[in-house]
J.: 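Dropping the structure in here first, questions after.
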Amino acid sequence: MTVYEVPPVSVVGESYCAPYPLELIVRKKIKKLSNAQFEVFDLSGNLLLQIDGGVWNFQLKRVLRDPAGFPILTMRGKVLTLWHKWKAHAGESTDDSNVLFTVQQSHPLQIKKAINVFLTNSSKKKEPDFHVTGAYTSLSFKVYEGRRLIAEVKHNFTLESFCKGKEKYKVKVYPEVDYAFIVALLVILDENDTP
């Protein structure tokens with residue numbers, strides 16, 4: 001147990017779990033029609049993570065990197081599926097033996113945005129390990145482990161920022177929760193919402 005008396009949620013790695021609530025700023029920049037980059041900063045402006053990959057293409061692949069550019073997680077989405085399925089692999093691997101978690105839309109025809117997250121060691125379960133829920137009117141959402149709220153993401157959308165190819169998210173990660181995991185879910189949801 002921790003200072004806050006909650007069990008840690010470590011999916012990508014314990015080094016991404018802070019013993020206190022953490023607020024992050026995530027900036028998305030669309031560089032070309034086929035390339036977008038996310039950068040994750042703490043409130044002091046320190047770069048914590050970078051995510052690169054394609055936009056508006058059929059190769060749904062994103063790589064989450066540390067500030068030095070070393071790959072931490074590779075996320076691959078299945079193309080042309082109603083369920084929006086993703087697999088997250090450790091490092092740059094795409095081998096099924098290195099899958100940390102899978103993400104699947106709760107239902108192909110949803111009124112409310114919802115995805116389920118299954119850890120690899122529990123893939124035989126019908127109940128997800130984590131559930132993400134939000135509204136279709138925005139990219140804001142909440143992440144739950146069972147009934148426990150572990151993170152909140154608020155999308156700061158303006159027409160001006162969208163036209164400039166720059167978007168911004170505010171992320172609140174609760175104590176002892178893996179912020180790299182939460183950022184990966186943000187990127188997957190953002191990719192699912194990209195036409």
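A quick note: this is a predicted structure, and the numbers were derived from the prediction, not measured.
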J.: Less than 4.5 Å apart, side chain to side chain, heavy atoms only: is that true for Tyr169 and Asp190?
T.: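 A side-chain contact under 4.5 Å exists here.
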J.: What heavy-atom pair brings Tyr144 and Arg147 nearest, and what distance separates the two atoms?
T.: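 What the structure gives for the nearest pair is CD2-O, 3.8 Å.
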J.: Test your reading of the model: is there a side-chain donor-acceptor pair from Thr133 to the backbone of Ala114, 3.5 Å cut-off?
T.: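 Between the backbone of Ala114 and the side chain of Thr133 there is no qualifying donor-acceptor contact (under 3.5 Å).
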J.: Looking at Tyr16 and Tyr179, what are the two nearest heavy atoms and their distance?
T.: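 Reported closest heavy-atom pair: O-CD2, 2.8 Å.
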J.: Can you find a heavy atom in the side chain of Gln104 that is under 4.5 Å from one in the side chain of Thr102?
T.: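 In short, these two side chains do not touch, never coming nearer than 4.5 Å.
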J.: Side chains of Asp95 and Ser93 only: does a donor on one sit below 3.5 Å from an acceptor on the other?
T.: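 Side-chain D/A pair, Asp95 to Ser93: absent.
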J.: State the CG-CG distance between Leu73 and Asn98, to the nearest 0.5 angstrom.
T.: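 CG of Asn98 is found 11.0 Å from CG of Leu73.
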J.: Heavy-atom distance under 4.5 Å between the side chains of Phe38 and Arg62, does that happen here?
T.: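 Yes, their side chains come closer than 4.5 Å.
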J.: Nearest 0.5 Å, what's the NE2-CE distance between His89 and Met75?
T.: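 It is 10.5 Å, given to the nearest 0.5 Å.
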J.: Indicate the atoms forming the closest heavy-atom contact of Leu100 with Val12, along with that distance.
T.: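 Minimum heavy-atom contact is CD1-CA, 4.2 Å.
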J.: Who clusters with Ile25? Use side-chain heavy atoms, under 4.5 angstrom, across I, L, V, M, F, W and Y, and order the result by chain and number.
T.: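 Same cluster as Ile25: Leu43.
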J.: Could you state whether Leu119 and Val173 fall into the same hydrophobic cluster, counting links through intermediate Ile, Leu, Val, Met, Phe, Trp or Tyr residues with side-chain heavy atoms under 4.5 angstrom apart?
T.: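 Per the 4.5 Å side-chain linkage, Leu119 and Val173 are co-clustered.
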J.: Hey, what do you get for OG1 (Thr74) to NZ (Lys61), rounding to the nearest 0.5 Å?
T.: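 One finds 6.0 Å between OG1 of Thr74 and NZ of Lys61.
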J.: The criterion is side-chain contact (heavy atoms from CB on, under 4.5 Å); which residues satisfy it with Pro71, sequence neighbours excluded?
T.: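 Once residues adjacent in sequence are excluded, the partners of Pro71 under the side-chain contact (heavy atoms from CB on, under 4.5 Å) criterion are Val63, Arg65, Glu92.
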J.: To the nearest 0.5 angstrom, please state how far the OH atom of Tyr20 sits from the CD atom of Glu176.
T.: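 Reported to 0.5 Å precision, the distance equals 10.0 Å.
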J.: Looking at side-chain heavy atoms only, is the closest gap between Phe101 and Val103 below 4.5 Å?
T.: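 Touching, per the 4.5 Å side-chain cut-off.
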J.: For the side chain to side chain contact (heavy atoms under 4.5 Å, CB included) test, which of Val177, Val26, Val11 pairs with Ile182?
T.: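 Per the side chain to side chain contact (heavy atoms under 4.5 Å, CB included) rule, the option paired with Ile182 is Val177, out of Val177, Val26, Val11.
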J.: Nearest 0.5 angstrom please: Arg27 CZ to Gln50 CD, how far?
T.: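 Between atom CZ of Arg27 and atom CD of Gln50 there are 13.5 Å.
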J.: Can you tell me how far the CD1 atom of Ile150 sits from the CZ atom of Arg148, to the nearest 0.5 Å?
T.: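 Separation between the atoms: 6.5 Å.
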J.: With distance as the sole test, does Asp178 use its side chain to make a donor-acceptor pair with the main-chain N or O of Val9 at under 3.5 Å?
T.: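 Not confirmed, Asp178 side chain does not pair with Val9 backbone.
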J.: Taking the side chain as C-beta and beyond, is there a heavy-atom pair between Val183 and Leu64 under 4.5 Å?
T.: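 In short, these two side chains touch, coming nearer than 4.5 Å.
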